[in-house]
Novice: 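Let me begin by handing over the structure; questions about it come next.
The figures that follow rest on heavy atoms only: side chains count, while hydrogens, waters and symmetry mates do not. Numbering of residues begins at 1 and proceeds along the displayed sequence. In this text, all values refer to a predicted model and were calculated from it rather than measured experimentally.
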Amino acid sequence: MKLQEIEKILENKNIPITPMRQLVLSEFLKTNHSISLAELEETLETADRSTIYRTLKTFEKKGLIHSIQENNTTQYLFCHDHCDEDNHHDYHLHFFCTECKNTVCLENINFQNIDFPKDYLIKELKFVANGVCKTCLSTMQ
């Protein structure tokens, strides 16, 4: 993806543009599965762990990415345009492949119409399924 497109995404989320934010966003745009802090640290060898972490937290706060706990590790996934600083609309299934250890969003399986009790304030929902992804499954057969 071109640098101008990355800058536009950051601008649309009101995230000040820095070289580190451009690098981290570029990594998210290259993949269709989750990324952990450790994976980013390995990929961006010259980057400082705490700077990457702060970047992830900024992205999460601004609705650019969402996080999910998987195998005692926080994984981050790219959000959609309708997520923002006030609301993450993450009402879809996450699928963790037990073979390749990747987590992906299965947005065609969503939970938007759940009827919650009126006297509860739900701030976050996490839907995770474990199994074997289609890529790993095809190599097993």
Side-chain angles (χ1 to χ4, degrees), residues 1-117 119-141:
M1 181 169 265
K2 293 181 181 177
L3 187 59
Q4 294 129 333
E5 294 170 358
I6 290 171
E7 289 175 352
K8 184 160 181 65
I9 292 169
L10 293 171
E11 287 172 358
N12 287 342
K13 295 291 185 178
N14 296 317
I15 300 172
I17 298 168
T18 66
M20 178 57 66
R21 290 173 179 167
Q22 291 170 322
L23 283 172
V24 171
L25 179 54
S26 176
E27 290 304 313
F28 276 98
L29 296 172
K30 288 178 189 175
T31 186
N32 65 348
H33 61 80
S34 64
I35 304 173
S36 69
L37 174 59
E39 289 169 317
L40 282 170
E41 189 177 16
E42 188 176 306
T43 303
L44 307 172
E45 295 173 357
T46 59
D48 178 68
R49 181 179 184 87
S50 61
T51 304
I52 298 170
Y53 179 78
R54 285 192 310 272
T55 299
L56 291 171
K57 288 298 155 191
T58 298
F59 284 4
E60 190 172 24
K61 179 181 176 195
K62 294 289 191 170
L64 189 58
I65 61 174
H66 60 279
S67 64
I68 187 160
Q69 279 297 118
E70 191 59 55
N71 291 337
N72 297 321
T73 303
T74 302
Q75 299 284 326
Y76 299 91
L77 296 129
F78 196 67
C79 282
H80 295 283
D81 292 338
H82 58 273
C83 291
D84 60 33
E85 197 166 352
D86 297 320
N87 290 302
H88 277 276
H89 302 282
D90 184 26
Y91 302 130
H92 55 265
L93 184 67
H94 294 97
F95 183 87
F96 174 74
C97 178
T98 55
E99 295 296 313
C100 66
K101 310 297 185 219
N102 286 328
T103 301
V104 297
C105 295
L106 296 180
E107 296 181 43
N108 57 329
I109 303 172
N110 67 62
F111 304 93
Q112 291 179 342
N113 296 324
I114 297 174
D115 190 19
F116 293 109
D119 51 349
Y120 288 85
L121 173 63
I122 306 299
K123 293 191 174 197
E124 181 178 36
L125 294 172
K126 297 203 185 256
F127 303 101
V128 181
N130 293 321
V132 180
C133 71
K134 62 184 174 184
T135 303
C136 292
L137 194 57
S138 68
T139 62
M140 297 170 90
Q141 298 174 349

Novice: Between atom CD of Glu11 and atom CD of Gln4, what is the distance when rounded to the nearest 0.5 Å?
Specialist: 10.5 Å

Novice: Looking at CD of Glu99 and OG1 of Thr139, how far apart are the two atoms once the value is rounded to the nearest 0.5 Å?
Specialist: 7.5 Å

Novice: For atom CG of Asp119, is the number of surrounding heavy atoms from other residues, nucleotides or ligands below 6.0 Å larger than 12?
Specialist: yes

Novice: Count the heavy atoms belonging to other residues, nucleotides or ligands that lie under 6.0 Å from NZ of Lys8, then report whether that count exceeds 12.
Specialist: no

Novice: Can you name the nearest heavy-atom pair linking His94 to His66, along with the distance?
Specialist: NE2-NE2, 3.0 Å

Novice: Is Glu27 paired with Lys30 through a side-chain N to carboxylate O contact shorter than 4.0 Å?
Specialist: yes

Novice: If you draw a 6.0 Å radius around OH in Tyr120, do more than 12 non-hydrogen atoms from other residues or ligands fall strictly inside?
Specialist: no

Novice: Could you state the interatomic distance from CD1 (Ile35) to CD (Glu42), rounded to the nearest 0.5 Å?
Specialist: 12.0 Å

Novice: When rounded to the nearest 0.5 angstrom, what distance separates CD in Glu41 from OG in Ser50?
Specialist: 9.5 Å

Novice: Evaluate side-chain contact (heavy atoms from CB on, under 4.5 Å) for Glu39 paired with Gln75, printing each intermediate quantity in order.
Specialist: CA-CA 10 Å; Glu39 289 169 317; Gln75 299 284 326; 4.0 Å; yes

Novice: Return yes if a side-chain donor-acceptor contact under 3.5 Å exists between Glu60 and Ser67, otherwise no.
Specialist: yes

Novice: Between Asn130 and Phe95, what is the shortest heavy-atom contact and its length?
Specialist: C-CE1, 4.2 Å

Novice: With heavy-atom distances below 4.5 Å as the criterion, would you say the side chains of Phe59 and Leu10 are in contact?
Specialist: yes

Novice: Do you know which two heavy atoms are closest between Asn102 and Ser34, and how far apart they sit?
Specialist: C-OG, 4.5 Å

Novice: So, do Leu56 and Phe28 sit near enough that their side-chain heavy atoms are less than 4.5 Å apart?
Specialist: yes

Novice: Could you tell me which non-hydrogen atom of Val132 sits nearest to which non-hydrogen atom of Cys136, and how far apart they are?
Specialist: CG1-CB, 3.7 Å

Novice: Would the distance check show the side chain of Arg21 and the main-chain N or O of Pro16 forming a donor-acceptor pair, the cut-off being under 3.5 Å?
Specialist: yes

Novice: Kindly give the heavy-atom pair with the smallest separation between Ala38 and Arg49, and that separation in Å.
Specialist: CA-NH1, 4.4 Å

Novice: Quick one: are Phe78 and Leu25 in side-chain contact, heavy atoms under 4.5 Å?
Specialist: yes

Novice: Taking it one step at a time, do Ile9 and Leu64 satisfy side-chain contact (heavy atoms from CB on, under 4.5 Å)?
Specialist: CA-CA 9 Å; Ile9 292 169; Leu64 189 58; 3.6 Å; yes

Novice: Would the distance check show the side chain of Thr55 and the main-chain N or O of Thr51 forming a donor-acceptor pair, the cut-off being under 3.5 Å?
Specialist: yes

Novice: Of all heavy-atom pairs between Leu44 and Met20, which one has the smallest distance, and what is that distance?
Specialist: CD1-SD, 4.4 Å

